[in-house]
Protein chains: 2
Amino acid sequence: MDMIDFLERGDEYFIPNLSIDLVIIGYRDKKLRCLLLKLGEKWMLPGGYIRRSESVDEASARIMKERTSLENPYLRFLSVFGKHDRQFREEWKEFFETNGQPWKPEYWINNRFVTLAYYSLVNIATTHPAVGELDEAFTWADFDELPAMWMDHATIIASVRERLKEDIKHEQVTYNLLPGQFTMPELHQLHQTILKEDIDRSRFQKKMLSTGLFERLPRLQKEAPGRNPYLYRVKG
Amino acid sequence: MDMIDFLERGDEYFIPNLSIDLVIIGYRDKKLRCLLLKLGEKWMLPGGYIRRSESVDEASARIMKERTSLENPYLRFLSVFGKHDRQFREEWKEFFETNGQPWKPEYWINNRFVTLAYYSLVNIATTHPAVGELDEAFTWADFDELPAMWMDHATIIASVRERLKEDIKHEQVTYNLLPGQFTMPELHQLHQTILKEDIDRSRFQKKMLSTGLFERLPRLQKEAPGRNPYLYRVKG
DNA sequence: TCAAAAGTGTTCCTGTTACACCCATGT
DNA sequence: ACATGGGTGTAACAGGAACACTTTTGA
């Protein structure tokens, strides 16, 4: 056992950069959507880095707040993306050159990154995205019709969609995607959009109400032809 | 938007070291056990670092193989441990000094670490742990009577136990902890140990067999008083 | 009074739970 | 034969799936 030897060959091991990417999920016009930022010709997920004073979870919450101003969003860890070739030299070079900016191979952003992906469920109507220093615009992109994405961000988005399907089997989280008051048909439609399959209305409603999570408000009046649905909100 | 500015304040962000820790779980004498390595006066989880050529998952598999010689173990990601004060200056200093080795504050192992914890389910009888360069011994420690642990490794172990409880509700993974041939009473006892609660024998057996994962071998002969149980193995 | 959309009820089926009972074997 | 421990069966119950029915309201 030679501890000094162990310590001095520390750089035999690569210390990858560590980033955080956020998949901020919303729902509008019967479509699941994802907040994307425009960087040059392609789009990317909002993200950032960890500061000295922060835990990893705190960093994700800060980045979330910087981007959306939301204080206590539904925010969960998704998974680690850490393939050995996960570095973006060519992507950055292309971007810099098309923008007439100098690019240097030694920029730290060219190194390999391991990223911790988080996902958040938000109500689009009350979320006001801020664009950052590099990105020019934002969009709530339809999950099923994503634009060209930088790096491996399309892969991350694909995996969050599968995770969502698993989540709603076990726990009630989807109301985070809706306004404070919503109807059962709306919640029903949302679940069908997430699962991409038809759900029996009767069973769905009974299942939702049996959780005891929701409370019924007076029935909506005169909004649409036919019988109008009750409004619900989350208890507490 | 000033990209140069963005690039040059890269070190405003801390780049934490990234490590991997393995919780290698076994089962012996009706107790769930965890492979620990002795380092000085306390114990720690086996772990390591990521190499340039490796994805994060490949690194965990390599470390697993280095420690146990197992080629295709059941190995899954647990979670990220990344609290802001997750650095082990004092721990390392104490260890070095009690071992009469020089300790320097600038050693890379003193910096903050974010660790990716993985867990693995193995059969203790066919797993032959190797001790590394620093550690002096190994043990299969009872989950419910852990020795003093370095750093936050006790926290990691606590969280893997909860994960296991969740896992066995959804999928059949526990046979990884048993020899290639096992009896239903053994599997039953194992599940009770993991869940820390009694499970109805009849229901348990029917549930296991209804998965279609197991095939029955000839009944065990003359091993113990009373009727002897059938042996099963995983199909395939 | 009919169509449209919401909401409720009925039946069938499956899987869970708790418990009773039957089988094999050593003492 | 009986105690011990493995293995199987059954009745009560809860939850899921499919579908039929009722309610509300505008045209």
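Each chain gets a letter, A, B and so on, in the order its sequence line appears, and its residues count up from 1.
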**OP:** State whether B:Tyr119 and B:Arg76 meet the cation-pi test: NZ (Lys) or CZ (Arg) under 6.0 Å from the six-membered ring centroid, and within 45° of the perpendicular axis.
**Re:** no
**OP:** Round to a whole Å and report the spacing from CD of B:Glu186 to C1' of D:dG5.
**Re:** 14 Å
Original post:
Could you give the CE-to-P distance, from A:Met184 to D:dT24, as a whole number of Å?
Top reply: 19 Å
**OP:** Grab the OH-P distance between B:Tyr232 and D:dG6 for me, whole Å please.
**Re:** 12 Å
Original post:
Is any N or O donor-acceptor pair between the side chain of A:Arg227 and the base of D:dT23 shorter than 3.5 Å?
Top reply: yes
Subject >> Under 4.0 angstrom between B:Gln205 side-chain N/O and D:dG6 OP1 or OP2 >> reply: no
Subject >> Gap between atoms CZ and P, on B:Arg203 and D:dT10 respectively (whole Å) >> reply: 19 Å
Subject >> Nucleotide D:dA27, atom P - distance to CG of A:Asn228 in whole Å >> reply: 12 Å
Original post:
Can you find an N or O donor on one side and an acceptor on the other, under 3.5 Å apart, linking the side chain of B:Ser202 with the base of D:dG9?
Top reply: yes
Original post:
Counting any heavy atom closer than 4.0 Å, what does B:Arg201 reach on the DNA or RNA strands: base, sugar-phosphate only, or nothing?
Top reply: base
Original post:
What is the ring orientation for B:Phe204 with B:His191, classed by angle as parallel under 30°, tilted 30 to 60°, or perpendicular over 60°?
Top reply: perpendicular
Original post:
Which of the following nucleotides, D:dT8, C:dA6, D:dG6, is nearest to the side chain of A:Pro229?
Top reply: C:dA6
Original post:
Got a donor-acceptor contact below 3.5 angstrom from the A:Glu162 side chain to the A:Ser159 backbone?
Top reply: no
**OP:** Please report, rounded to the nearest Å, how far the C1' atom of D:dA20 is from the CG atom of A:Asp200.
**Re:** 11 Å
Subject >> Given DNA chain C, 5'-ward residue of the pair A:Lys206 and A:Leu231, judged by closest heavy atom >> reply: A:Leu231
Original post:
Once you round it to whole Å, what is the distance between C1' of C:dG15 and NZ of B:Lys169?
Top reply: 17 Å
**OP:** Mind calculating the distance between CG (A:Leu217) and P (C:dA6) to the nearest angstrom?
**Re:** 17 Å
**OP:** Anything under 30° is parallel, anything over 60° is perpendicular, the rest tilted; go ahead and classify B:Phe77 against A:Phe77.
**Re:** tilted
Subject >> Between B:Asn17 and B:Tyr49, a side-chain donor and acceptor under 3.5 Å >> reply: no
